[in-house]
Amino acid sequence: MIYQGNALSVANNGDGIAILTLDLQGESINKLSSAVIRELQDAIRNIQAEKDLRGLMIKSAKDAFIVGADITEFHGMFAKDEEFLFNMNQEIHALFNTVEDLPFPTVTAINGLALGGGCELTLTTDFRVMAEKAQIGLPETKLGILPGWGGCVRLPRLAGADNAIEWIAGGTQNKADAALANGVVDAVVPLERLETAALDMLARANAGELNYQTRREEKKGPLKLNAIEQMMAFETAKGYVAGKAGPHYPAPVEAIKVIQKGAGESRERAQAIEAKAFARLAKTDVCFNLVGLFLNDQLVKKKGSKYEKQAMAVEQTAVLGAGIMGGGIAYQSAYKGTPIFMKDIKDEAIELGLKEARKLLAKQVERGKLTTEKLAETLSNIRPTLSYGDFGEVDLVVEAVVENPKIKGGVLAEVEKQVDEKTILTSNTSTISITRLAQNLTRPENFCGMHFFNPVHKMPLVEVIRGEKSGDAAIAATVAYARKMGKTPIVVNDCPGFLVNRILFPYFGGFSLLVEQGADFERVDKVMEKFGWPMGPAYLLDVVGMDTAVHANEVMAEGFPERMAREGKTAIQAMYENDRLGQKNGKGFYAYEEDRKGKPKKVSDDHAHDLVKQVVAGNQEFSDDEIIARMMVPLCLETVRCLEDDIVGTPAEADIALIYGIGFPPFRGGALRYIDAQGVAEFVGLADRLAAELGPLYAPTDKLRQMAEKGERFYPSDAQSTQDQA
């Protein structure tokens with residue numbers, strides 16, 4: 001044994017080949033934590049000291065190769081100054097360069113995921129052999145940083161500038177065939193032949209059939225592009241990527257600049273450019289929040305996994321109510337491999353649901369993500385029916401009929417009689433109390449909410465709502481099914497609007513007050529879109545539908561009258577009363593036309609402005625900052641209340657729900673991180689000033705005031721924060 005550590009070992013295979021095996025003890029995956037990097041340094045020193053070696057193969061004993069750096073260390077590490085971060089990366093560059101400069105050929109056997117730092121380690125070796133189902137990529141820009149361990153230097157020299165820009169700026173995970181086509185790996189083989197193929201490549205290099213020294217020189221020298229080629233490659237890419245990424249996400253464009261600046265430089269000079277840019281980006285709020293978002297997502301997944309381990313098997317499901325929503329649920333279930341009955345009482349509704357599923361599948365075929373054979377197989381997993389004939393074999397039912405408590409209650413009571421006593425019933429309701437809907441059931445412990453967001457195939461969030469009598473088995477099975485559908489489930493407790501809609505409607509309340517006092521709704525939209533929302537509140541209301549918004553607002557007003565009940569007509573009600581329902585009938589706050597792709601495109605509409613004038617009672621002028629405060633404070637305060645009321649378990653889950661459910665700007669981290677960023681005391685002061693004029697919707701809670709007085713935060717300032725909440 002040449003070296004033995006906790007995360008990796010090195011042994012001579014008897015033929016003079018050092019085999020470096022990554023196998024982080026106590027973990028299901030390999031990741032490059034600070035401790036693992038130290039072990040790698042020790043291992044490489046031992047390899048250098050070993051005599052008569054003829055090659056090095058790096059491999060993994062786990063299903064994944066290396067998933068990247070240990071992101072749980074990032075917040076603590078990135079809190080240090082730029083000089084520290086620059087020097088840290090330069091140390092790792094020196095280590096990776098040592099691997100690249102070993103006096104014999106080297107190869108990596110990539111058996112599974114090789115991401116971030118894991119991908120960058122593979123780029124140091126002379127050759128890379130990849131298993132057919134493995135994936136590789138550099139996703140750092142999704143965390144607000146860029147590849148800092150040589151990815152911006154080595155990948156362009158291996159794959160060419162265009163391919164490297166696409167991989168790095170897009171943060172993509174790439175399949176083996178794409179990696180081979182782009183020149184990132186040298187061979188793709190079945191997993192069972194991976195190590196044999198890697199060793200064979202070393203043997204061929206030692207025999208002189210493969211010139212590994214030439215490979216090294218290509219990676220260590222300048223990029224082979226002349227001045228005109230560089231301008232065409234980089235300037236065009238910067239413009240395109242800037243347009244795609246938007247102004248709030250600087251990392252993708254910065255990565256292109258780093259590749260460009262380093263293109264004419266030697267390895268070490270290009271790496272210094274990369275390390276400096278990494279250190280600068282690591283100190284930004286965008287990076288801090290995107291890393292926090294990743295950690296929050298990991299916590300939500302961890303909680304979901306715990307439920308999944310307790311859940312009964314969900315092999316056959318059913319959706320009650322076809323149409324667009326039912327068709328979307330049926331499509332998602334079938335597409336992810338769980339057969340589903342789609343029941344309705346009308347043939348035309350069944351046909352509408354099937355049409356929706358066929359349309360979504362056809363789009364997947366057009367994009368090359370699905371074969372026609374897979375399309376046919378998926379459609380066969382959807383069984384339309386007008387009766388309960390085979391419902392005795394169903395494990396879980398999703399009720400998705402009209403949002404009316406009487407109708408939903410009747411349908412649920414009816415289906416309960418048709419299914420096995422262990423079958424889980426769920427309701428896809430956005431506002432109606434799960435406890436109330438359970439009143440007509442004989443087995444309320446088998447019932448909970450399963451709130452999908454529209455459109456089902458795009459929106460990642462599913463709220464799993466625990467009613468007063470919902471049992472753990474029902475919650476666990478519903479979480480497991482949502483995960484099987486490729487969704488992110490978050491368990492919340494029952495209340496009007498549950499979590500996301502309860503938080504969203506104070507935001508709409510802030511919008512209504514602004515308009516009433518003289519703000520132009522189109523300007524409010526522009527300000528909030530500039531702030532980072534994918535669409536402003538008026539546009540969002542058009543997408544939600546004015547009828548849906550009015551109904552939901554009535555539920556909220558009944559549940560929380562002090563904050564959410566309003567006297568007088570709002571702009572939303574003015575639209576509704578004039579049959580301006582939004583996109584669903586082509587007119588709302590905006591009018592809608594079809595664009596070239598057949599999608600609704602909003603245009604300004606004078607009639608909408610005339611209708612809004614009916615509810616305007618003032619003519620105040622508002623700055624952009626005032627509009628943002630008037631919109632964001634009610635939303636953030638309601639998030640705080642949901643946490644205090646135990647509607648949601650942790651700040652992480654609350655923030656993820658807002659990002660995945662209503663498009664809260666990811667680079668801002670969520671409502672509770674947004675409060676932390678302002679400072680709790682500063683936020684409370686702002687809310688108090690607004691509450692003095694605008695009332696209870698803007699009033700801080702007593703607990704929030706106490707947090708402000710004690711200098712507390714929702715998230716600890718160091719890394720361990722989110723992980724501890726699990």
Side-chain angles (χ1 to χ4, degrees), residues 4-11 13 19-33 35-37 39-40 43 56-73 106-125 127-140 142 149 151 167 171-180 184-199 201 294-295 297-309 311 313 336-337 480 483-486 488 723 726:
Q4 179 65 59
N6 185 58
L8 55 92
S9 62
V10 185
N13 74 344
I19 310 294
L20 192 160
T21 304
L22 295 143
D23 189 10
L24 181 56
Q25 298 304 298
E27 296 281 351
S28 60
I29 54 173
N30 290 316
K31 52 188 175 181
L32 295 174
S33 65
V36 174
I37 290 292
E39 283 197 14
L40 185 59
L56 168 69
M57 179 176 78
I58 302 176
K59 68 168 194 168
S60 168
K62 299 190 185 295
D63 291 339
F65 178 71
I66 302 173
V67 298
D70 186 351
I71 298 174
T72 63
E73 295 183 342
T106 57
V107 67
T108 308
I110 306 168
N111 63 311
L113 284 178
L115 301 177
C119 172
E120 287 171 299
L121 179 60
T122 75
L123 300 181
T124 66
T125 58
F127 308 105
R128 282 151 298 284
V129 183
M130 194 167 177
E132 291 171 329
K133 294 186 179 178
Q135 293 189 21
I136 188 168
L138 295 166
E140 284 88 347
K142 293 183 177 179
W149 294 352
W167 279 39
T172 53
Q173 271 181 219
N174 306 280
K175 294 182 179 178
D177 55 353
L180 183 63
V184 180
V185 300
D186 301 284
V188 173
V189 298
L191 180 61
E192 60 272 17
R193 287 180 45 210
L194 182 66
E195 292 183 24
T196 302
L199 290 171
M201 202 158 275
F294 177 88
L295 295 174
D297 184 67
Q298 293 300 107
L299 175 135
V300 169
K301 283 184 168 67
K302 190 174 179 181
K303 285 198 162 191
S305 180
K306 285 180 181 177
Y307 279 112
E308 207 167 35
K309 289 173 183 174
K336 291 295 183 177
R483 282 168 62 89
K484 203 172 178 183
M485 293 174 82
T488 298
Q723 301 305 306

Worksheet item: Any side-chain heavy-atom pair from I19 and K59 closer than 4.5 angstrom?
Response: yes
Item to complete: With rounding to the nearest 0.5 Å, note down the distance linking CG in L22 to OG in S60.
Response: 6.0 Å
Worksheet item: Okay, side chain of E120, backbone of W149: is any donor-acceptor separation there less than 3.5 Å?
Response: yes
Worksheet entry | Backbone N/O of D23 and side chain of Q25: donor-acceptor pair under 3.5 Å | yes
Worksheet entry | Audit row: L24, I29, side chain to side chain contact (heavy atoms under 4.5 Å, CB included) steps and yes/no | CA-CA 7 Å; L24 181 56; I29 54 173; over 6 Å; no
Discussion item. Can a donor-acceptor pair be found, under 3.5 Å and without considering hydrogens, that links the side chain of N174 to the backbone of G137?
Written reply: no
Worksheet item: Among all residues two or more places apart in sequence or in another chain, which pass the side-chain hydrogen bond (donor to acceptor under 3.5 Å, both in side chains) test with Q4?
Response: none
Worksheet item: Would Q135 and Q173 satisfy side chain to side chain contact (heavy atoms under 4.5 Å, CB included), going step by step from the backbone distance to the final call?
Response: CA-CA 6 Å; Q135 293 189 21; Q173 271 181 219; 2.9 Å; yes
Worksheet item: Are D177 and V188 close enough, and set up right, to give a side chain to side chain contact (heavy atoms under 4.5 Å, CB included), and what steps lead you there?
Response: CA-CA 7 Å; D177 55 353; V188 173; over 6 Å; no
Practice prompt. Verify, without hydrogens or angle tests, whether E39 (side chain) and N6 (backbone) share a donor-acceptor contact under 3.5 angstrom.
Written response: yes
Item to complete: Indicate yes or no for a side-chain donor-acceptor contact from N13 to the backbone of A11 under 3.5 Å, with no hydrogens or angles considered.
Response: no
Discussion item. Do M201 and M57 have side chains that approach each other closer than 4.5 Å (heavy atoms only, starting at C-beta)?
Written reply: no
Worksheet entry | Note, V189 side chain near E132 side chain (heavy atom, < 4.5 Å) | no
Item to complete: Kindly indicate whether the side chain of L123, heavy atoms from C-beta on, has any atom under 4.5 Å from the side chain of L121.
Response: no
Fill in: Closest heavy-atom pair and its distance - A197, V129
CB-CG1, 4.0 Å
Discussion item. I need the K31 NZ to E73 CD distance, nearest 0.5 Å.
Written reply: 8.5 Å
Worksheet, complete the sentence: In terms of heavy-atom contacts, L191 and A131 come closest through CD1-CB, 3.9 Å
Discussion item. The test is side chain to side chain contact (heavy atoms under 4.5 Å, CB included); show your working for F65 and T122 and say whether it passes.
Written reply: CA-CA 10 Å; F65 178 71; T122 75; 3.5 Å; yes
Worksheet item: Within the side chain of D186, is there an N or O that forms a donor-acceptor pair under 3.5 Å with the backbone of R128?
Response: yes
Check residues 106-119 and write down every donor-acceptor pair under 3.5 Å in which the side-chain atom is one partner and the other belongs to a residue at least two apart or another chain.
{"residue": "T106", "atom": "OG1", "partner": "D126", "partner atom": "N", "Å": "2.9"}
{"residue": "T106", "atom": "OG1", "partner": "D126", "partner atom": "OD2", "Å": "3.2"}
{"residue": "T108", "atom": "OG1", "partner": "T125", "partner atom": "OG1", "Å": "2.8"}
{"residue": "N111", "atom": "ND2", "partner": "K62", "partner atom": "O", "Å": "2.6"}
{"residue": "N111", "atom": "ND2", "partner": "D63", "partner atom": "O", "Å": "3.3"}

Discussion item. Could you tell me if the side chain of T72 sits less than 4.5 Å from the side chain of L295, heavy atoms only?
Written reply: yes
Fill in: Pairwise side-chain contact, L8 with L40, heavy-atom cut-off 4.5 Å (strictly under)
yes
Worksheet item: Do V185 and F127 have side-chain heavy atoms sitting under 4.5 Å apart?
Response: no
Worksheet item: Just wondering, do V36 and D70 contact through their side chains at under 4.5 Å, heavy atoms?
Response: no
Discussion item. Return the OG to CD1 distance between S33 and I71, rounded to the nearest 0.5 Å.
Written reply: 12.5 Å
